[in-house]
Amino acid sequence: QKEVEQDPGPLSVPEGAIVSLNCTYSNSAFQYFMWYRQYSRKGPELLMYTYSSGNKEDGRFTAQVDKSSKYISLFIRDSQPSDSATYLCAMSASGGYQKVTFGTGTKLQVIP
Amino acid sequence: GAGVSQTPSNKVTEKGKYVELRCDPISGHTALYWYRQSLGQGPEFLIYFQGTGAADDSGLPNDRFFAVRPEGSVSTLKIQRTERGDSAVYLCANPGEGKWRDTQYFGPGTRLTVL
């Protein structure tokens, strides 16, 4: 079983919809949680970063972490066609210079 | 440069050949990471450099893979006797700065195809 599980999708939604992306994990040592967006043939781009449990909001994006359930989410409000990409959850056990463990990514398509 | 750069962007080689992939990191960063991303998968950790030395190479799949960073800036990932299963995108990353130091910033990757 992988340390980080993520539904690969694809997920297809109409423009303006609220999108919910999720990951579960098994390693209770994970404390740092990230979401990356990756466009086709590009490197991953950091979207959101959260330490420990709680919510974080940045514009149309909200990241939630529930460490008791080992479950993290990314919500995208008012989704746009430009949001069409693969979204990768990622996490690490400690801060500083540590390797990051990624989910497989969820492919999102926002239809105009 | 402003970000991490990688060369070449694409590399096609034949099974059994040797390849080198280059990473030019963000100036001044002592830490550098290599990851490998296979089709339909998330990036998988290969190796982490702190300065010139490999602080963690636990992700290298076997002894055909080797990486160096002789002057603590540019890094080269070397793959000997390439196999078709080595085909993937190889990503290089630097940590962020300040409050972002616990995250990683990626280059565009080198897409390696082994025929």
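Letters A, B, ... mirror the listed sequences (proteins, then strands); counts begin at 1.
- A:M91 and A:L74 fall within the same hydrophobic cluster, where Ile, Leu, Val, Met, Phe, Trp and Tyr residues are linked whenever their side-chain heavy atoms come under 4.5 Å apart, directly or through other members.
- Each disulfide (SG to SG under 2.5 Å) pair with one or both residues in residues 15-115 of chain B, not counting sequence neighbours, appears once here: B:C23-B:C92.
- With a 6.0 Å radius and a threshold of 12 heavy atoms from other residues, nucleotides or ligands, A:K56 has its NZ atom above the threshold.
- Within the 3.5 Å criterion, the main-chain N or O of A:V100 finds a donor-acceptor partner in the side chain of B:Y35.
- Nearest heavy-atom pair across B:L91 and A:G43 is CD2-CA, 4.1 Å.
- The distance from the CD atom of B:Q104 to the NZ atom of A:K99 is 11.5 Å, given to the nearest 0.5 Å.
- Residue A:L47 is not grouped with residue A:F102 when hydrophobic side chains (ILVMFWY) are merged at heavy-atom distances under 4.5 angstrom, including chains of intermediate members.
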TODO: Give the intermediate values and the outcome of side chain to side chain contact (heavy atoms under 4.5 Å, CB included) for residues B:F45 and A:T101.
DONE: CA-CA 7 Å; B:F45 170 80; A:T101 302; over 6 Å; no
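- Heavy-atom distances place no part of A:P8 under 4.5 Å from chain B, backbone and side chain included.
- Between B:F106 and A:Y36, the distance from one ring center to the other falls under 6.0 angstrom.
- Within a 6.0 Å radius of CG in B:L115, other residues, nucleotides and ligands contribute more than 12 heavy atoms.
- In the hydrophobic clustering of this structure, B:Y105 does not group with B:F49; members are Ile, Leu, Val, Met, Phe, Trp, Tyr whose side-chain heavy atoms approach within less than 4.5 Å, directly or through other members.
- Contacts of B:N94 with chain A are absent, with no heavy-atom separation under 4.5 Å from either backbone or side chain.
- Applying a 4.5 Å heavy-atom cutoff, the residues of residues 52-66 of chain B that approach chain A are B:D56, B:S58.
- Few gaps surround NZ on A:K67; more than 12 heavy atoms of other groups in view lie less than 6.0 Å from it.
- Both A:V110 and A:I76 belong to a single network of hydrophobic side chains, linked directly or stepwise wherever heavy atoms of I, L, V, M, F, W or Y lie under 4.5 Å apart.
- Transitive grouping of hydrophobic side chains (ILVMFWY, heavy atoms separated by less than 4.5 Å) brings B:V89 and A:L46 into a common cluster.
- In this structure, chain A has a heavy atom under 4.5 Å from the side chain of B:Q37, while its backbone stays farther away.
- When each of A:R41, A:M34, A:Q38 is checked for heavy-atom pairs under 4.5 Å with chain B, A:R41 comes out on top.
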